[in-house]
2 protein chains.
Amino acid sequence: MAEEMLDALDRAGVRLTGPRRKLAALIERREGHFTAADLLKDAGRRRMGIGRATVFRLLELLSEQGLVERIDLPDGTHAYIPCEPTHHHHLVCLNCGATTDVDDCGIEAVTHEAARRSGFKIEQHRLELFGRCPDCRSAN
Amino acid sequence: MAEEMLDALDRAGVRLTGPRRKLAALIERREGHFTAADLLKDAGRRRMGIGRATVFRLLELLSEQGLVERIDLPDGTHAYIPCEPTHHHHLVCLNCGATTDVDDCGIEAVTHEAARRSGFKIEQHRLELFGRCPDCRSAN
DNA sequence: AGCACATATGATACCCAGTATCAATAGACC
DNA sequence: GGTCTATTGATACTGGGTATCATATGTGCT
C-alpha cells in the first residue's frame, strides 16, 4: 500500500524523496484514521527528522491523488484516512477509529430527490457514517 | 427567529443576557452560512463590546439546542448555519453561501445498505450537499 | 424594589492545525 | 558526476477555538 502511494506520486510527476517514502511507510502501518499530529509523533519517535510542513504537504498531495481523504469527526476534529481513489464514502468506528469504504449505495437517488425539492443543482456531496465496527460490536 | 433562539435558550435554563440577545439578533439578519469571525466582525462594527469567547460560547449553546449547526465547507473551513432542531441535512450554495434544509429523503435506506455490507452498526451520519441555489443558477 | 449569589462576561493568554517563507538539500535527468 | 529544479525543515505566522479569572449582571427570593 505504501507502494501504491509511491506509484501514484510517481505518476503524478513529483519526486520520490526520502521523507515521502518514510511517511508513506508510516501511513501504511497506521490503523484507522489518524491526524497529521499522529504522523508527526510517529516520525519523531523514530528520530526521522521530518518537518511539520512536509507532513502536511504530503497529506495534501495524497489527498489530491485520492489516496487519503480528510474527514470530519463528529467532535469537530479533522482526521485523514487512507483509501482508494474512487468515489465512495466512509464508515468510521466511533470506538476504535477503524474505517471502511462503502461505495455508492443509493445516494444518487437521495441527491436527486433533494435537488428536486430545493431547486438546487447539486454538484458535490459528502456523506460520512459513524458507528461501531464488527469487532467493537462483538467486544461488547 | 431571534425569538426562537432566545426561547430555546430560556428553555435550556440559561440566562437571557444582553450579549446573547444581541448576538441572536445578529445571527438572525445573516444570510446563509457564517463563521464565528463574521459574527465577531458584525458585533465590532456596531460597537457592541462583545468578546470573542462569548461568541463561541453562544454558538456552542445554540448548537447543543440544534438551532445552529456547524458544517464543513468543501474547502475545509468551518461555518455555522441557523436551522431547525429536527434531524435534517443541509444544502449549501457554493456560489453565494445560501443554505436550505432538506429532511430525510431516503438516507435511511442508504445507511441500512451500508450497514449490511460492512457489518458496522451505524449510529450517526452526516450528509452535506453542495451546489448552486436557484438564484445563482438562473443568474448564470 | 432590593439583595445575594451563581452564571455569564470579556480581556488575556494560550493551544493546535495548518500555511508562508526561505536558505539549504537532494532527486532526476543528462 | 554535475546541474538545476523540486523538496525540505526551521521558523514564524495565522486563524479557529479554549482556559483562566477577576468583574459584571441576570434571576429568584423576600
Side-chain angles (χ1 to χ4, degrees), chain A residues 5-27 33-65 68-81, chain B residues 5-27 33-65 68-81:
Chain A
M5 289 189 206
L6 297 174
D7 283 359
L9 291 178
D10 196 21
R11 252 175 286 122
V14 302
R15 291 188 184 163
L16 251 37
T17 66
R20 285 180 181 159
R21 290 171 198 276
K22 290 183 207 158
L23 283 175
L26 289 182
I27 291 176
H33 54 71
F34 59 88
T35 62
D38 289 334
L39 274 190
L40 220 30
K41 239 184 297 162
D42 286 359
R45 215 175 295 125
R46 292 164 199 238
R47 309 267 141 73
M48 319 166 158
I50 291 184
R52 188 175 177 57
T54 303
V55 171
F56 283 101
R57 285 189 284 235
L58 179 62
L59 287 172
E60 192 187 346
L61 270 178
L62 290 176
S63 129
E64 276 163 17
Q65 304 305 313
V68 132
E69 202 163 301
R70 213 163 118 180
I71 60 166
D72 233 52
L73 301 179
D75 67 8
T77 60
H78 283 158
Y80 298 85
I81 54 186
Chain B
M5 289 188 205
L6 296 174
D7 284 358
L9 291 178
D10 196 21
R11 253 175 284 119
V14 302
R15 292 188 183 166
L16 252 38
T17 67
R20 285 179 182 162
R21 290 171 197 276
K22 291 182 207 158
L23 284 175
L26 288 183
I27 292 176
H33 54 70
F34 58 89
T35 63
D38 289 334
L39 275 189
L40 221 29
K41 239 184 297 164
D42 287 358
R45 214 175 296 124
R46 294 167 197 238
R47 307 268 141 73
M48 318 165 159
I50 290 185
R52 189 175 173 58
T54 303
V55 170
F56 284 102
R57 284 189 284 236
L58 179 62
L59 286 173
E60 192 188 346
L61 270 177
L62 290 176
S63 127
E64 277 164 15
Q65 305 306 311
V68 132
E69 203 163 301
R70 214 163 117 182
I71 60 166
D72 233 51
L73 301 179
D75 67 8
T77 60
H78 283 158
Y80 298 84
I81 54 187

Counting the atoms with a prime plus P, OP1 and OP2 as sugar-phosphate, which does A:Gly49 contact under 4.0 Å by heavy atoms, base, sugar-phosphate, or nothing? sugar-phosphate
Given C:dG10, D:dG16, C:dT9, the nucleotide with the shortest approach to the side chain of B:Ile50: C:dG10
Whole-Å distance between [N] [atom2] and [X] [atom1]?
| X | N | atom1 | atom2 | result |
| --- | --- | --- | --- | --- |
| A:Arg47 | D:dG9 | CZ | C1' | 18 Å |
| B:Asp75 | C:dG18 | CG | P | 13 Å |
| B:Lys22 | D:dG26 | NZ | C1' | 14 Å |
| A:Leu59 | D:dT8 | CG | C1' | 15 Å |
| A:His78 | D:dG17 | NE2 | C1' | 13 Å |
| B:Leu40 | D:dT18 | CG | P | 14 Å |
| B:Phe34 | D:dG17 | CZ | P | 11 Å |
| A:Asp72 | C:dG18 | CG | P | 10 Å |

Verdict with reasoning, A:His78 to A:Leu73, per side chain to side chain contact (heavy atoms under 4.5 Å, CB included): CA-CA 6 Å; A:His78 283 158; A:Leu73 301 179; over 6 Å; no
Evaluate A:Thr35 against A:Thr77 for side chain to side chain contact (heavy atoms under 4.5 Å, CB included), listing each step before the verdict. CA-CA 9 Å; A:Thr35 62; A:Thr77 60; over 6 Å; no
Can you give me the closest heavy-atom contact between [X] and [Y], atom names plus distance?
| X | Y | answer |
| --- | --- | --- |
| A:Ala43 | A:Ile50 | CB-CB, 4.3 Å |
| B:Gly76 | A:Arg70 | O-NH2, 4.0 Å |
| A:Gln65 | A:Ala12 | NE2-CB, 3.5 Å |
| A:Val55 | A:Ala36 | CG1-O, 4.0 Å |

For the residue pair A:Thr54 and A:Thr17, establish whether any side-chain heavy-atom pair is separated by less than 4.5 Å. no
Both B:Val14 and A:Arg20 contact DNA chain D. Which one's nearest nucleotide lies toward the 5' end? A:Arg20
Between N or O atoms, less than 3.5 Å apart, protein on one side and nucleotides 19-27 of chain C on the other: list the pairs.
residue	atom	partner	partner atom	Å
C:dG27	N2	A:Arg15	NH2	3.2

For the helix from C:dA1-D:dT30 to C:dC30-D:dG1, how many degrees between its two end axes (five pairs per end), to the nearest 10°? 50°
Only pairs under 3.5 Å count here: list side-chain donor-acceptor contacts from residues 19-26 of chain B, not counting sequence neighbours, and write none if there are none.
residue	atom	partner	partner atom	Å
B:Arg20	NH1	B:Arg15	O	2.9
B:Arg21	NE	B:Leu16	O	3.4
B:Arg21	NH2	B:Leu16	O	3.4

By the definition side-chain contact (heavy atoms from CB on, under 4.5 Å), identify the one residue from A:Ile27, A:Ile71, A:Val68 that meets it with A:Ile81. A:Ile71
If only side-chain N and O atoms of A:Tyr80 are considered, is one of them under 4.0 Å from the OP1 or OP2 phosphate oxygen of C:dA17? no
